[in-house]
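Sequence lines set the chain letters: A, B, ... in the order given, protein chains first and strands last, and positions in each chain run from 1. The basis for the numbers below is simple: all heavy atoms, side chains too, and nothing from hydrogens, waters or symmetry mates.
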Amino acid sequence: MTNSIEEIEDAECIFLIGTNTSEAHPLIARRVMRAKEKGAKLIVADPRMIQLARFADVHVRQRLGSDVALLNGMMHIILKNGWQAAEYIANRTEGFEEFEETVMGYTPAKVEAITQVSIRDLEQMAEYYAAGSPSALLYAMGITQHTTGVDNVKSCCNLAMLCGNVGVRSGGVNPLRGQNNVQGACDMGCLPNVYPAYQPVTNEAAREKFSKAWGRELPGNAGLTITKMIPAMLEGTLKGLYVVGENPVLSDPDAHHVRSAFAKLEFLAVQDLYMTETACLADVVLPGVTCVEKSGTFTNTERRCQLLTQAIKPLGNARQDWEIISDLSTAMGYEMKYQNSEEIFEEMKQLTPSYAGMSYERLGLDGLFWPCPNSEHPGTPYLHKDTFTRGLGKFHPIGYKDPAEMPDAEYPYFLTTGRMFAHFHTGTMTRKSAHLHHEQKTGYVQMHTGDAKKLGVKTGEMVRLSTRRGEVEIAVVISDMAQEGTFYVPFHFAEASANVLTNSASDPVAGIPEFKVCAVRLDKIVHGENRK
Amino acid sequence: MEYKLVPSICSYCGCGCGVLFEVMDGQLVGTMPLKSHPVSQGKLCIKGWNLHEHVISEERLQTPLLKTNGALQEASWDASIQTTAERFKKIIAEHGPDSVAVLASAKVTNEENYLIQKFTRAVLGTNNVDHCARL
Amino acid sequence: MKDTVKKWLEEKQVDMFLGYKMVHGHALPYCFQADRLDEVDDLVVSRERYSLEKMATHIAAVYPEMKIGMLARDCNQRALKVLDIWDQLKKDSVTTFNVNCCPSPLKNHGDCSYLEPSPVGPVKVELGIDNNMSVEHAEHLDQKERFAHWMYEFSKCIKCYGCRNICPVCFCKDCSLEHPELIRSGGALPTEVPLFHLVRAAHMAGRCIDCGLCEDACPMDIPLRLLYRKVGSSVSDLFGYRPGIDEGKSPFNLIGDAPTTEPRPI
């Protein structure tokens with residue numbers, strides 16, 4: 001997030017696109033609701049009738065995967081009416097002319113045809129967003145999990161810059177991160193192309209700095225993203241894998257494909273809390289511990305680094321994850337000896353400029369926002385105040401592209417996936433919890449009444465969903481939350497796994513798979529029929 | 001008899017809500033909101049309120065497992081770590097460092113993620129490290 | 001206060017004392033014990049309120065003989081009375097150090113700052129319910145309008161169960177809110193409107209001690225305290241019974257005569 005969570009309350013307009021905030025980020029939904037009750041305008045763009053859409057001043061149900069067109073359409077109207085922040089654009093940005101030219105091609109009529117959003121609603125959205133001072137844009141995986149994920153994000157940034165909403169309190173472009181420490185994992189350099197604090201591995205100075213600190217020669221070529229690792233495993237070029245606290249067999253798209261890739265590995269080590277679907281395939285399983293059994297820090301979606309305090313001893317023979325990694329390293333001839341997590345933090349911050357001013361003592365119970373470059377620095381609740389990281393903010397001309405797979409005669413419906421309020425990710429944690437299990441015991445496909453009538457199916461009925469990748473048997477839930485023509489399946493449940501169905505086609509830049517759109521067919525299950 | 005409330009951070013979504021873990025005689029018995037936390041202001045969602053339940057689940061792995069004769073069997077830490085180290089060393093010796101990769105985690109701490117990428121780069125000698133940010 | 005608590009611990013009048021301690025600028029509930037007597041110097045009253053009596057029930061469920069001391073505002077006192085009546089925490093096992101408290105119709109005065117009226121946004125006033133509204137005021141609203149306003153508030157619910165989980169007098173082992181014949185589980189949000197909140201309101205009749213912790217724990221600022229005050233006033237009008245003040249069990253009760261003391265997760 002460019003801005004902090006508490007700032008949301010003071011926005012004059014909030015634009016939610018591709019985020020079911022009250023189910024996936026409930027305590028951010030609280031701030032959205034409070035802002036709304038203080039008088040902010042609320043715009044929701046989501047194909048489903050999500051809870052916050054009930055409170056929106058305008059809710060549009062754009063056709064799945066049409067976000068670039070929708071955002072370009074809003075910007076077209078803003079420019080046509082002269083609602084843009086001209087001074088901000090002149091002083092703080094570049095690339096405006098080329099961008100303007102592209103956007104002017106997205107007339108309301110054209111956008112209506114692509115997105116199925118009425119011109120009237122489009123105008124209303126544009127007006128509310130442009131009039132808000134400041135307006136905060138919030139998005140989540142509904143924007144990023146597309147083959148056009150990067151285009152979608154850039155379009156969000158274009159909109160925010162067009163109205164001067166970046167670098168101001170309560171404005172910003174705010175991706176809501178789905179995992180407690182996904183921000184931290186990125187900050188710490190768990191990405192194939194960057195070291196901690198996003199220092200590129202291909203940059204010689206950076207490589208030298210880390211090489212010197214760690215006392216080893218370091219590779220200069222960027223590594224494989226997770227979506228590239230799967231094909232490399234299938235081809236046999238990637239032979240050994242160490243998985244810490246992830247369940248790619250369930251969380252990755254096109255699960256059958258992923259399983260066969262894992263089967264080809266020569267060696268698989270998995271470090272986890274449970275026998276996950278991935279751990280079942282491992283050659284060695286190393287039991288780590290939960291956040292309750294460890295100390296250390298997490299960095300939340302607003303870049304606030306916060307301290308955990310160990311509350312209980314590790315269960316049984318399980319060990320601290322950092323100890324396991326250190327021991328493995330030592331066993332491989334590179335000695336790692338740390339007394340505690342604080343010692344690791346102290347080493348990390350020497351090499352990570354955005355964390356340099358933090359210490360466990362300073363974090364206390366409130367944490368600190370990065371960048372926090374020195375020990376006097378108070379931390380940075382919102383970014384890009386006077387200047388962007390790259391100097392001027394860059395407008396990108398972005399054209400609309402169809403998703404990789406669109407419905408056709410054989411697979412006539414759209415399928416989208418997501419989370420529901422009582423469960424989390426692949427369910428490895430939440431499905432072990434009695435109270436959460438009570439809320440939702442297994443998967444389901446949510447569909448519109450109209451579609452259910454057409455298909456002759458009832459709530460509770462088991463049906464077969466199939467895509468070009470695979471098929472699952474799953475119970476129907478009829479709900480007008482669903483958009484007609486689009487089915488929704490939560491991805492928490494291995495036995496009704498959404499990712500057997502999803503498309504592994506991914507964004508060419510970010511490598512993010514298109515979980516949010518694919519084409520699907522539904523067949524009734526005839527009693528006594530043999531499974532295909 | 002020992003009873004304490006330990007301030008910490010919820011480990012589900014990216015909000016980073018403040019929690020208090022209720023611990024009696026070294027056993028985790030409950031989760032409650034940290035009232036004055038700047039993000040969550042003394043409120044939690046259903047997942048946060050039940051955070052302790054997955055921690056004390058009977059399905060937690062409590063000892064290392066090593067594949068022996070085709071099946072995973074309980075093993076010592078020493079044997080498990082040694083085997084892992086040797087297998088990685090062998091693959092790297094035969095096929096080079098880019099034939100191995102590591103998936104880090106959006107669930108473990110910054111300190112642990114720092115070590116994971118340090119291990120991948122400095123010890124395994126590859127930049128093949130990623131995590132499920134995109135998933 | 002500190003001297004008294006030290007004396008209680010030293011003389012074994014109590015085995016432990018539940019109060020608050022400052023940690024990095026935050027007042028956190030803390031269990032003071034005789035073997036760490038000097039820590040009592042850090043004891044504070046705290047602006048934040050936690051249900052210390054609920055923690056005490058968790059301790060008493062495992063250690064029934066434990067003599068528990070605790071810091072108590074008036075609301076804690078009322079909760080303790082209800083817990084004693086329903087055999088969840090016997091009054092003989094608890095010694096309180098009393099401090100001043102917040103305003104409530106169940107008492108005559110109060111000076112705790114915590115539940116002072118907090119400003120409510122204009123849209124909430126227009127569409128929903130002002131959390132500072134009195135029962136009398138709410139009853140003057142047109143019935144149709146009142147219904148619409150409550151439905152607005154209930155439809156914000158994200159089903160965290162925080163209102164139940166934090167409640168010092170919610171102790172049923174099997175909770176009606178999780179009874180499949182009363183409330184459907186799972187699916188999407190919001191949860192069943194208005195059933196979820198009305199089921200809970202019915203169960204708070206004759207039990208709610210008007211501490212306001214439920215509303216304080218609500219991520220969506222639903223005016224739960226007002227709702228339960230209404231059911232409380234109905235019970236008071238019909239049966240002349242005020243929970244936490246009057247002796248004996250409520251004549252209006254939905255929990256039976258022998259609630260279990262078997263511990264359940266908070």
Side-chain angles (χ1 to χ4, degrees), chain A residues 9 20-42 48-52 54-55 57 307 309 360-367 418-423 433-444 446 459 477-482 488 490, chain C residues 21-28 48 118-131 149 151-162 164-165 173-180 182-193 196 216-223 264-266:
Chain A
E9 269 193 35
N20 182 4
T21 324
S22 55
E23 300 206 41
H25 298 92
L27 271 293
I28 292 178
R30 160 178 169 75
R31 305 294 186 147
V32 172
M33 207 58 226
R34 282 178 67 85
K36 169 71 195 149
E37 293 187 335
K38 284 186 193 174
K41 293 289 184 210
L42 178 61
R48 295 199 307 142
M49 185 72 191
I50 56 170
Q51 188 181 18
L52 283 174
R54 293 166 174 253
F55 304 95
D57 293 279
L307 196 57
T309 317
Y360 277 18
E361 182 58 31
R362 279 198 78 194
L363 292 176
L365 290 186
D366 296 288
R419 289 183 177 165
M420 58 90 57
F421 77 97
H423 284 287
S433 165
H435 283 90
L436 301 177
H437 179 68
H438 164 81
E439 292 298 329
Q440 190 67 48
K441 295 181 178 66
T442 187
Y444 56 90
Q446 187 185 65
T459 287
V477 171
I478 298 171
S479 160
D480 288 343
M481 253 185 100
Y488 163 83
Chain C
K21 185 179 154 181
M22 294 304 284
V23 178
H24 291 291
H26 295 253
L28 302 184
E48 269 67 57
S118 59
V120 166
V123 174
K124 186 172 164 74
V125 172
E126 186 196 328
L127 302 174
I129 307 268
D130 183 339
N131 295 53
H149 285 224
M151 289 298 277
Y152 165 90
E153 291 291 346
F154 295 149
S155 63
K156 292 191 290 184
C157 177
I158 59 165
K159 211 180 188 188
C160 67
Y161 292 95
R164 173 197 70 183
N165 296 346
K173 187 163 170 277
D174 296 310
C175 177
S176 302
L177 297 176
E178 286 169 307
H179 195 295
L182 283 173
I183 293 167
R184 127 182 92 77
S185 65
L189 292 177
T191 184
E192 269 178 295
V193 178
F196 184 91
D216 184 49
C218 179
M220 289 299 171
D221 300 334
I222 302 171
R264 49 161 279 226
I266 56 164

Portion of A/Ala35 that has a non-hydrogen atom of chain C nearer than 4.5 angstrom: neither
Which bit of A/Arg34 is near chain C, if near means a heavy-atom gap under 4.5 Å: side chain, backbone, both or neither? side chain
Go through the atoms of [X] and report whether side chain, backbone, both or neither lie under 4.5 Å from a heavy atom of chain A.
X: C/Ser155; result: both
X: C/Tyr161; result: side chain
X: C/Leu28; result: side chain
X: C/Cys160; result: neither
X: C/Val120; result: neither

What residue in C/Ser185, C/Gly128, C/Gly121, C/Pro122 has the most heavy-atom pairs under 4.5 Å with chain A? C/Ser185
Options A/Met33, A/His423, A/Gln446, ranked by heavy-atom pairs under 4.5 Å with chain C, top entry: A/Met33
If you look at every heavy atom in A/Leu365 and C/His24, which pair is closest and at what distance? N-CB, 3.9 Å
How many angstroms lie between CG in C/Asp130 and NE2 in C/His149, if you round to the nearest 0.5 Å? 11.5 Å
To the nearest 0.5 Å, what is the distance between CE (A/Met420) and CD (A/Gln440)?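 So the gap between those two atoms works out to 4.5 Å.
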I'd like to know if the side chain of [X] and the backbone of [Y] have a donor-acceptor N/O pair within less than 3.5 Å.
X: C/Lys124; Y: C/Asp221; result: yes
X: A/Arg30; Y: C/Pro219; result: yes
X: C/Glu192; Y: C/Arg184; result: yes
X: A/Gln51; Y: C/Lys156; result: yes

